[in-house]
Amino acid sequence: MEEKNKSIGKAITRIDGLLKVTGKATYATDYPAKNMAYAVLFKSTIASGQITAIDSAAAEKSPGVLKVITHKNTPKLNIKGGLRGGALLQGSEIHFYGQHIGIVVAETFEQATHAARLVQVSYEEKAGKIDFDELAKDAVKPKGQELADQIRGDAKKALGEAAVKVEETYETPIEHHHPMEPHSTIAVWEGENVILYNGSQIINGAQSSAAATLNLKPENVRIVSPYIGGGFGSKGGQWANLVLTAVAAKVTGRPVKLALTRQQMFNSVGLRQRNIQKVSLGATKEGKLISISHETTTHSAIDSEYIEPCGDCTKIMYDAPNSLISYRVVPMNVILPTYTRGPGKSTGSFALESAMDELAHKLGIDPIELRIKNEPEKDPSNGKPWSSRKTVQCLQEGAKAFGWEKRNAIPGQTKAGNYLIGYGVACGTYPARQRDSSAIIKLKRSGSQVTATIELAASDLGTGTNTILAQVAADGLDLPIGNITVNIGDSDLPPAAGSVGSVGAASFANAVNDACIKITNELIAKSDKQFFVRPTARQMMISEQTLDFQTRADAKAPSNTDQYSTHSFNANFAEVKVNIATGMVKVTRFLAATGAGKILNPKTARSQIIGGNIWGIGMALSEESIIDPRYGNFATRSFGDYHVPSNLDVGKLDAMFINEEDFIPNKLGIKGIGEVGIVGVAAAIANAVFNATGKRIRSLPITPDKLL
Amino acid sequence: MRPFKFTNTSNASSAINLLIKNPNAKFLAGGTNLLDLMKEDVERPDELIDLGRLDLTAVRPLVTGNNVVGISIGGLGKNTDAANHPLIRKDYPLLTKAILAGASAQIRNMATNGGNLLQRTRCSYFYDIAMPCNKRLPGTGCSAMQGINRMHAIFGWSDSCIAVYPSDMAVALSALNASVKVMQPSGTARIIAIHDFHRLPGNHPEKDNNLDHGELITAIEIPKNKFAANSAYIKVRDRNSYAFALVSVAAGLELAGGKIISASIAMGGVAHKPWRATHAENILRGKMATVENFQMAADAEMEDARPLAHNKFKIGMGKKTIVYALEQAFKGTGYKA
Amino acid sequence: MNENKTKLTEEEKKLFGDLMPEELDEIISSGLNRRHFMKLMGLASAGLLASHLIGAEQLFARSAEIGDIADLAPAAIENGINVSFKVNNTAKKVLIDSRATLLDTLRERLDLTGSKKGCDHGQCGACTVIVDGKRVLSCLTLAATCEGKSVITIEGLAKDNELNPMQAAFLKHDGFQCGFCTPGQICSAVALMKEAKEGQASFVTADVRQNQQSVILSDEEIAERMSGNICRCGAYPNIVAAIKEAQTGKNVEQTWLFAG
Ligand SMILES: Cc1cc2nc3c(=O)[nH]c(=O)nc-3n(C[C@H](O)[C@H](O)[C@H](O)COP(=O)(O)OP(=O)(O)OC[C@H]3O[C@@H](n4cnc5c(N)ncnc54)[C@H](O)[C@@H]3O)c2cc1C
Ligand code: SF4
Ligand code: FES
Ligand code: FES
């Protein structure tokens, strides 16, 4: 008998890959439009104060200029429409350095860029809050309820009584997402309707926030975003540039293209905030934790609050009867921080997992053993059972594959030529969640050929959405994957969750899966035949001679998830070599062992994991945005100053998936892997650097100067 | 970019003539630095004279009488071609290494040897027209002095500018005692020793070097040396590739057994020009090639360093890198740790 | 999108008749659209019909090919320069602003949007194209300097209905995620093959004095030589594997581990 087509779980090459390797994939600014005009933003050069005058005469006279738009002539927008970061040209107030203050629209990009330089702006400057080192002591409790102090037992007291303790402060700098595609938009008006070609991680979110800000109904705004050149959180919530492009197009009566420059990316689309994290661990002589606290001090924007939850990992990673998680924040004249790959978990795990390594070292226990000793049976923060948790397997299987037994526990001992070699381990976790999503399936038959089209407003920012949805549909409909067309990235399609917080795969796949079941049910119901074995959609289309059939499913997130604690877990193993003379570090080997539920496609999943690992390498070794405390500008202002990892910074990376069947967070067993790949990575590398050199670096990034 | 006239020529003297006619004109070679700065509105020429068609690209032996005395590298030759020329790889591997340490393959395919010498500082305040900067706009002040100056100079800076000169290639050229050959508006050649080519900032940081408007770099000349087998270029940076140096060291050793006949050492990332480590060289001359002597030389060289708020590390890093470069050179060009 | 008014040849009709019978009428009457193309991609990924695909793809490309380059309004050109050059082996003549970079000229004037702008300052490599056989950054190249030159972009790499082996290797090894850096990576990698053949050295070449012949590149050599192409998604190990496979012609294993 012919075996049923099984596509899920196979290493299928990306179905959109051919378009990507031939340069045909269409990102936002790749759409042609007749009579396009080009817009360029200009920005404030103070961090706080008021614009007193804008002289745009020279710019307006400059050849090709169609319009200079400032707060004086921008139509009224709804500043509470859901866009992040303000800067909508609605007033003269300046809240941060590099706030958008105007747009020049011209016939060509060259003309617009040049004219934007000709605008003269005068300000009345106020003393801004820009020096975090000064301000941190004034940090206060956040407004957000979820960031209130979380106290179990008495962490301070227990720490005082602990036989062995670690009390250290860890620092992480401001980081920027810097997707390779700078945020860009083409706006085309057709009467009262506007089409916005714009890379959007959340298609429907972009639509509703753009519509609300423009005082339009959602149906008047269409977001088209089939390809996204990376986002990493910065294209989740949308920013002013999206709507300002629409404004520029409206005002000039032309289709308008507006792309942020790389330099403008530093203060246009959020950032990962700077964090000072104090972690205190108290343990018995045997290495049993009795007290954990994680106190984060950070900053937000002056007028709104976003704080990445650095204590999240600490809440659930280890069993300790006494625990304190707290946040303190200072408002600052910087752009609003935002979700950045592994928000809170990636930076928080650096602090927690470095501290665990320090504790293991003090105790003289292997760091893997210390972690296993403190493995919690239930979620220590709320007492709920885990839906699944494979930390121990990650540690053990990972250690075996990595060759952990070769590690010399005494730091600074392993030399090879002019290099010191070290191994480090660190764990990580990220919540597994799912959101509501809808999907339409359209079946067509011609002879015995059945084909399907899947439609939903999902997004694929390199995560592989197109491919995994084709796989889910292929299995759900009993079709070869080649007979599936996936249509996503358009707000005209049924609403879906976003590719954020690792909910994308689970939510989209669930909707498609529900639609497959539903369409099969409906095909069966429509027929008057009885079946002993449930037929597939393909079989029904053929046996019933149906030419066309379609249905829509509105899939809900599972309701029983609340009774469980649902997370992915990992263990990261790093080998570094540190040049003794120069202090330059290279991650020569890295292994991430991950328990993240069902792996739909190991090829794309591996890419997601190693991509996260490489982000972690950047976080550990090179990424840092520095604010000049006098002005509030970024002294690291270009892609030349902000060092994301280059190819040579990356050694051999391996992804290991721990088999895990967990259908609680999601019917298909999907937990999501977009974020967990970065969590724990920086700590594993910092711990390896300690093992190599005996130097404990508690402030990222570990640049050569810190190892001298 | 501001509007500019684009002018083409295939002949050196007409290029020079075009340039002197217009004080706001600039030569365009590979464009990798000039266009970057024009996009930032730092450079504002109203005319570009494209040198792309000038026939000044050859690498050839430098001959006096019947003797080969060195090598001449065309001012408009590409960095890639200079680095990979068989004669340079064999006899001037230090130059090959230094060029290959810089930028990326694509940029080296575009960048010319002359343009490389004339690249401007990467000081981020210089690049940001919203910031005061004496180099960009004399008299406005130096933002870096009290600002973020981790990347800045520890030698030879002045109160008006603390920027460093970013070229890797020029560091090797300094250790190699190269000269820059320029054609003057009169048509005659002028030879400038590499040590006199770049300037310290003094009171005129706006002048990076001693080239006058209307002078065209036609070639770089390098005399023969005796350390091809014992040279090393070490570059310390914030990531393993495609980043400018925190500190770099070019070192060449002329050896007789374990004894140093002479040492050539230059540093990058520490000053407004390639920093020739003459103290260290003097100490090493005639000494045995031992780690202790290397350390002594490095310590002496760094004694005069004047660090700023954020770059004290460059002193220790400079010492270690000098020692490391000397060790590598001693072990032999191409030795891989 | 551009309308594709291209008439199908008999051969092409057969191709689409085989592949997408139910869409044939639509294709004949109104041309290929993105949905058709996505579907073709689906067939490709299933290992079907790879050889047919590029034919289809080129047909798709024809729809975007423009015979006449749209002239800009007179107000849009300052210091106009006429440039004649070859792009993907086709002669082009275009009147440009002297300030126009090669990148913007390709993207905004010649409808070749494959080359990407990641930074516009030489700091990322997304705009890499091949000019007269060498990889360069189109964002730091003035179009005006391209007179008489030959430019190859990502759109011009597939030949005679077949992907360039480097494109195929990237596809196989998942040498990308979002795909935005990919055109630059692939152009860079294609030119790299030639550099290696010529025996060029890199900063990690142990002894630059030795072996100036054609070299088979180690992983470290590939990584260094590709470091001018930033990939924020972090596809580097896959890119190295793809290049290795393309260079050696030998299968490079793709690995992931399952345990527990
Ligand atoms: C992202 C990036 C990273 C880089 N990293 C490094 C690095 O790590 N190390 C390093 O050393 N360099 C690095 N560079 C700099 C690069 O090497 C230089 O930009 C390049 O060498 C300049 O050469 P060019 O021919 O492009 O000069 P152009 O930009 O064309 O010209 C520079 C200047 O020189 C003048 N000029 C050019 N040729 C002549 C001539 N023959 N006679 C007189 N005047 C002339 C021009 O008028 C202009 O003012 C980097 C550049 C970039 C963009
Ligand atoms: S160091 Fe020099 S280049 Fe930098 S801001 Fe000061 S004057 Fe300008
Ligand atoms: S766009 Fe040209 S290098 Fe980044
Ligand atoms: S694939 Fe996204 S940047 Fe490389």
Handout entry: chain C contact via A/Ile599 - side chain, backbone, both or neither, heavy atoms under 4.5 Å
Key = side chain

Completion exercise
Minimal heavy-atom distance between A/Arg606 and C/Pro237, with the atoms involved, is NH2-CB, 4.4 Å

Handout entry: Under 4.5 Å from any heavy atom of chain A - which part of C/Leu112
Key = neither

Handout entry: Partner chain A: residue of C/Gly234, C/Ala223, C/Gly125 with the largest heavy-atom pair count (under 4.5 Å)
Key = C/Ala223

Handout entry: Side-chain (A/Trp615) to main-chain (C/Cys233) donor-acceptor, under 3.5 angstrom
Key = no

Exercise for the section: Would you indicate whether the side-chain heavy atoms of C/Cys178 and A/Glu181 approach each other to under 4.5 Å? Expected result: no

Handout entry: Side-chain touch C/Lys116/A/Asp30, heavy atoms, less than 4.5 angstrom
Key = yes

Problem - Value rounded to 0.5 Å, distance of CG in A/Asn613 from OH in C/Tyr236 - result: 14.0 Å

Exercise for the section: Quick one: do C/Lys172 and A/Thr13 satisfy side-chain contact (heavy atoms from CB on, under 4.5 Å)? Show the steps, please. Expected result: CA-CA 7 Å; C/Lys172 175 181 161 192; A/Thr13 297; 5.8 Å; no

Practice task
Identify the two heavy atoms, one from C/Cys181 and one from A/Met180, that lie closest to each other, and give their separation to 0.1 Å.
Solution key: CB-CG, 4.3 Å

Fill in the blank from the handout: Minimal heavy-atom distance between C/Pro183 and A/Gly23, with the atoms involved, is CG-CA, 4.4 Å

Exercise for the section: Considering only heavy atoms and a distance below 4.5 Å, find which of C/Asp104, C/Asp97, C/Val240 pairs most often with chain A. Expected result: C/Asp104

Exercise for the section: Mind listing the closest non-hydrogen atom pair of A/Gly17 and C/Phe176 along with its distance? Expected result: CA-CZ, 3.7 Å

Fill in the blank from the handout: Honestly, the part of A/Tyr642 sitting under 4.5 Å from a heavy atom of chain C is side chain

Handout entry: Residue among A/His177, A/Met265, A/Met36 with most heavy-atom pairs under 4.5 Å to chain C
Key = A/His177

Practice task
Please state whether the side chain, the backbone, both or neither of C/Gln185 comes within less than 4.5 Å of a heavy atom of chain A.
Solution key: neither

Fill in the blank from the handout: chain C shares the most heavy-atom pairs under 4.5 Å, among A/Ala605, A/Gly398, A/Gly447, A/Pro182, with A/Pro182

Handout entry: Modelled atom types, side-chain donor and acceptor of A/Gln263 and C/His121, under 3.5 Å
Key = yes

Exercise for the section: With a 4.5 Å cut-off on heavy-atom pairs, point out which of C/Gly114, C/Gly179, C/Cys231 contacts chain A the most. Expected result: C/Gly179

Problem - Closest-packed option against chain C by number of heavy-atom pairs under 4.5 Å, given A/Gln393, A/Glu107, A/Glu110 - result: A/Glu110

Fill in the blank from the handout: What one should report as the nearest heavy-atom pair of C/Arg232 and A/Pro179 is CG-CA, 4.1 Å

Handout entry: Largest heavy-atom contact set with chain A, pairs under 4.5 Å, which of C/Ile230, C/Asn164, C/Asn229
Key = C/Ile230

Practice task
Could you give me the CA-CA distance, side-chain angles and deciding distance for A/Thr261 and C/Asp120, then say whether side chain to side chain donor-acceptor pair (under 3.5 Å) is met?
Solution key: CA-CA 8 Å; A/Thr261 67; C/Asp120 215 15; over 6 Å; no

Completion exercise
Ranking C/Gly228, C/Ala100, C/Ala168 by heavy-atom pairs under 4.5 Å to chain A gives rank one to C/Ala100

Practice task
Test C/Ile77 against A/Thr108 for side-chain contact (heavy atoms from CB on, under 4.5 Å), laying out the working first.
Solution key: CA-CA 8 Å; C/Ile77 303 272; A/Thr108 68; over 6 Å; no

Exercise for the section: Return yes if a side-chain donor-acceptor contact under 3.5 Å exists between C/Ser227 and A/Asn647, otherwise no. Expected result: no

Problem - Carboxylate-amine/guanidinium contact A/Lys257 C/Glu108, below 4.0 Å - result: yes

Completion exercise
Applying a strict 4.5 Å limit to non-hydrogen atoms, the region of A/Thr113 in contact with chain C is neither

Handout entry: Region of A/Leu591 that comes under 4.5 Å of a non-hydrogen atom in chain C
Key = side chain

Handout entry: chain A contact via C/Gln254 - which portion, at a heavy-atom distance below 4.5 Å
Key = side chain

Practice task
Measure the shortest side-chain to side-chain distance between C/Phe258 and A/Glu397 over non-hydrogen atoms and say whether it is less than 4.5 angstrom.
Solution key: no

Problem - Max heavy-atom pair count under 4.5 Å with chain C, selected residue of A/Asp460, A/Val644, A/Asp649 - result: A/Val644

Completion exercise
Looking only at C/Met226, C/Glu78, C/Glu155, the option with the highest number of non-hydrogen pairs under 4.5 Å against chain A is C/Glu78

Problem - Whether C/Phe180 and A/Tyr27 hold their rings parallel, tilted or perpendicular, with breakpoints at 30° and 60° - result: perpendicular

Practice task
Please determine, among A/Gly640, A/Gly64, A/Gly612, the option with the most heavy-atom pairs under 4.5 Å with chain C.
Solution key: A/Gly640

Handout entry: Least distance between heavy atoms, C/Thr255 atom then A/Asp654 atom
Key = OG1-OD1, 4.1 Å

Practice task
Find the one option among A/Gly230, A/Ala401, A/Ser646 whose heavy-atom pairs under 4.5 Å with chain C are most numerous.
Solution key: A/Ser646

Practice task
Ignoring hydrogens and angles, tell me if any N or O in the side chain of A/Lys20 forms a donor-acceptor pair with the backbone of C/Gln177 under 3.5 Å.
Solution key: yes

Practice task
Side chain from CB out, backbone as N, CA, C, O: work out which of these in A/Thr463 comes under 4.5 Å of a heavy atom of chain C, or both, or neither.
Solution key: neither

Practice task
Go through C/Arg107 and A/Thr29 one step at a time and tell me if the side chain to side chain donor-acceptor pair (under 3.5 Å) criterion holds.
Solution key: CA-CA 9 Å; C/Arg107 289 183 52 82; A/Thr29 56; 2.9 Å; yes

Handout entry: Spacing of A/Met656 atom CE and C/Trp256 atom CH2 [to the nearest 0.5 Å]
Key = 14.5 Å

Handout entry: Contacting region of A/Ile228 [heavy-atom separation from chain C under 4.5 Å]
Key = backbone

Practice task
Show your reasoning for whether side-chain contact (heavy atoms from CB on, under 4.5 Å) applies to A/Leu648 and C/Val204.
Solution key: CA-CA 10 Å; A/Leu648 192 62; C/Val204 300; 4.2 Å; yes

Handout entry: Contacting moiety of A/Glu623, where chain C heavy atoms sit under 4.5 Å
Key = side chain

Handout entry: Flag side-chain contact, heavy atom, 4.5 Å: C/Thr113 against A/Thr26
Key = no

Problem - Toward chain A, the part of C/Leu157 with a non-hydrogen atom under 4.5 Å - result: neither

Handout entry: Stepwise side-chain contact (heavy atoms from CB on, under 4.5 Å) check, C/Ile154 with A/Thr22
Key = CA-CA 6 Å; C/Ile154 187 72; A/Thr22 52; 5.6 Å; no

Practice task
Please state whether the side chain, the backbone, both or neither of A/Ala470 comes within less than 4.5 Å of a heavy atom of chain C.
Solution key: neither

Problem - Atom pair CG (A/Asn601) and CG (C/Asp174), whose distance is rounded to the nearest 0.5 Å - result: 8.0 Å

